[in-house]
Amino acid sequence: MNSYTTIECIIDNQIAHVWLNRPDVHNAFNANVISELHACFDALDKEADVRVIVLGGRGKSFSAGADLSWMKEMGQADFDTNSADALKLAKMLERIATIRQPTIARVHGAALGGGMGLVSACDIAVASQNAKFATSEVRLGLAPSTISPYVVRAIGARQASRYFLSAERINANTAQQIGLVHEVAEDDDGLDEIISQIISEIKKGAPNAQTASKELITMVDHASINDSLLNSTANHIATVRTGDEAKSGLDAFLNKQTPHWIK
């Protein structure tokens, strides 16, 4: 595998472990993370001997969402720049969601915003008891646009209605109840034990049949995740990001102030 600066990819015994590797910022997204994740999953798709991909985060969190400096830069950019940037995130999530191998999200600590999008883009999600999820965008004057196809597919429109609008934190047990994660472990050791058990079951299946099964789910699911939808979600967040409310909300967040809409 290629060498990366923001992620790690380790292949062992037909399992690829992809690690978000920015622990000092809780594995927050920036343009480099998005680019490297996309490139890594592109490469893994061509690895004939890789049966399962496990996506996790180094340090205390899975991923706390968008990097603050990246958010600030995008908040000051025009619509076209925002749209192009958001489309890269949308394409990266699509690359993860459509890779031929089964994918497992290994979730501990924070999985917020785009981090929750990554969890939803994976086929299977296992969380430790300390995991916390949220689509926190509305508290910054934003919307969870590019992650929405995967989160809505994971938890359904009715649950998304609550959590997109309230941005409240979701604990691991609630995440399991609403379908965001499949299994909850008491601690990180238990997390790896459950994932190992799932991998052993996956390895009993035929690789091409599993790829066909993934394609089948996409085919029968309600909304196809295609170029039209990706462009729509990218343009949606670009419109929201360049609005006055988002600029005000992001400025308040960065300066630790109260947004103007909170009276």
Side-chain angles (χ1 to χ4, degrees), residues 1-4 6-21 27 29 33-58 62-63 88-108 111 114-128 131 146-147 149-151 153-155 179-183 185 191-221 223-227 229-230:
M1 299 298 295
N2 294 332
S3 58
Y4 303 103
T6 65
I7 67 172
E8 288 181 286
C9 183
I10 303 165
I11 299 176
D12 181 47
N13 192 28
Q14 297 184 301
I15 312 303
H17 293 271
V18 179
W19 295 97
L20 298 161
N21 192 26
N27 298 314
F29 280 16
V33 174
I34 292 168
S35 175
E36 291 192 345
L37 276 174
H38 197 148
C40 179
F41 276 78
D42 252 349
L44 288 172
D45 192 64
K46 300 175 180 67
E47 290 283 337
D49 197 44
V50 171
R51 292 291 315 274
V52 185
I53 301 167
V54 181
L55 178 61
R58 296 294 194 195
F62 177 77
S63 174
K88 291 177 182 177
L89 173 57
K91 291 282 190 181
M92 178 270 284
L93 290 169
E94 181 198 33
R95 175 66 283 193
I96 292 173
T98 59
I99 197 167
R100 64 178 182 82
Q101 298 101 326
T103 54
I104 302 173
R106 178 194 185 279
V107 191
H108 73 296
M116 184 163 158
L118 282 177
V119 175
S120 302
C122 290
D123 300 313
I124 300 165
V126 181
S128 64
T146 49
I147 68 171
Y150 311 98
V151 177
R153 187 170 67 178
I155 69 175
L180 181 61
V181 302
H182 295 85
E183 299 277 354
L191 193 62
D192 292 326
E193 184 178 339
I194 291 171
I195 289 172
S196 293
Q197 291 170 357
I198 293 172
I199 288 172
S200 69
E201 295 299 322
I202 289 173
K203 282 187 170 183
K204 295 175 185 176
N208 290 335
Q210 287 166 342
T211 299
S213 296
K214 291 184 62 164
E215 292 169 349
L216 180 65
I217 293 166
T218 300
M219 182 173 69
V220 301
D221 201 22
S224 296
I225 299 173
N226 52 29
D227 285 345
L229 182 60
L230 297 184

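For reference, positions follow the sequence shown, starting with 1.
- In terms of modelled atom types and a separation under 3.5 Å, the side chain of R51 and the main chain of I199 share no donor-acceptor contact.
- Here the closest non-hydrogen pair linking C40 and V18 is SG-CG2, 3.9 Å.
- Taking CG of L44 as the reference point, atom SG of C9 lies at 4.5 Å (rounded to 0.5 Å).
- Side-chain contact check for I11 versus D49: every heavy-atom pair is 4.5 Å or farther apart.
- A donor-acceptor contact shorter than 3.5 Å is absent between the side chain of E36 and the backbone of Y4.
- Judged purely by atom type and a 3.5 angstrom limit, H108 has no side-chain atom pairing as donor or acceptor with the backbone of A131.
- Between A105 and V119, the closest heavy-atom pair is CB-CA, 4.1 Å.
- Closest heavy-atom contact between A97 and Y150: CB-CE2, 3.6 Å.
- Residue pairs meeting the side-chain hydrogen bond (donor to acceptor under 3.5 Å, both in side chains) criterion with at least one member in residues 93-107, sequence neighbours excluded, are D42-R95, T103-D123, R106-D192.
- A distance of 12.0 Å separates CD in Q14 from CD1 in I202, rounded to the nearest 0.5 Å.
- Considering only heavy atoms from C-beta on, I104 stays 4.5 Å or farther from E183 through its side chain.
- Scored by the side-chain contact (heavy atoms from CB on, under 4.5 Å) test, Q197 finds E193 as partners (sequence neighbours excluded).
- Within 6.0 Å of NZ on K88 lie no more than 12 heavy atoms contributed by other residues, nucleotides or ligands.
- Residues K203 and N13 approach most closely at NZ-O, 2.9 Å, considering heavy atoms.
- Here the CD1-CG distance, from I195 to L191, works out to 4.5 Å after rounding to the nearest 0.5 Å.
- Shortest non-hydrogen contact noted between F41 and I99 is O-CD1, 3.3 Å.
- The closest donor-acceptor contact from the side chain of N27 to the backbone of F62 lies under 3.5 Å.
- Under the 4.5 Å side-chain criterion, counting only non-hydrogen atoms from C-beta, D12 is not in contact with I15.
- Proximity of R58 to I7: side-chain heavy atoms (C-beta onward) are nowhere separated by under 4.5 Å.
- When each of L55, L93, L89 is paired with L37, the side chain to side chain contact (heavy atoms under 4.5 Å, CB included) condition holds for L55 and for no other.
- Separating the CG atom in L216 from the NZ atom in K214 is a distance of 13.0 Å, to the nearest 0.5 Å.
- Here the CE-OG distance, from M92 to S35, works out to 10.0 Å after rounding to the nearest 0.5 Å.
- Proximity of S120 to L180: side-chain heavy atoms (C-beta onward) are separated by under 4.5 Å at one or more points.
- Judged by distance alone, the side chain of E8 and the main-chain N or O of N21 form no donor-acceptor pair under 3.5 Å.
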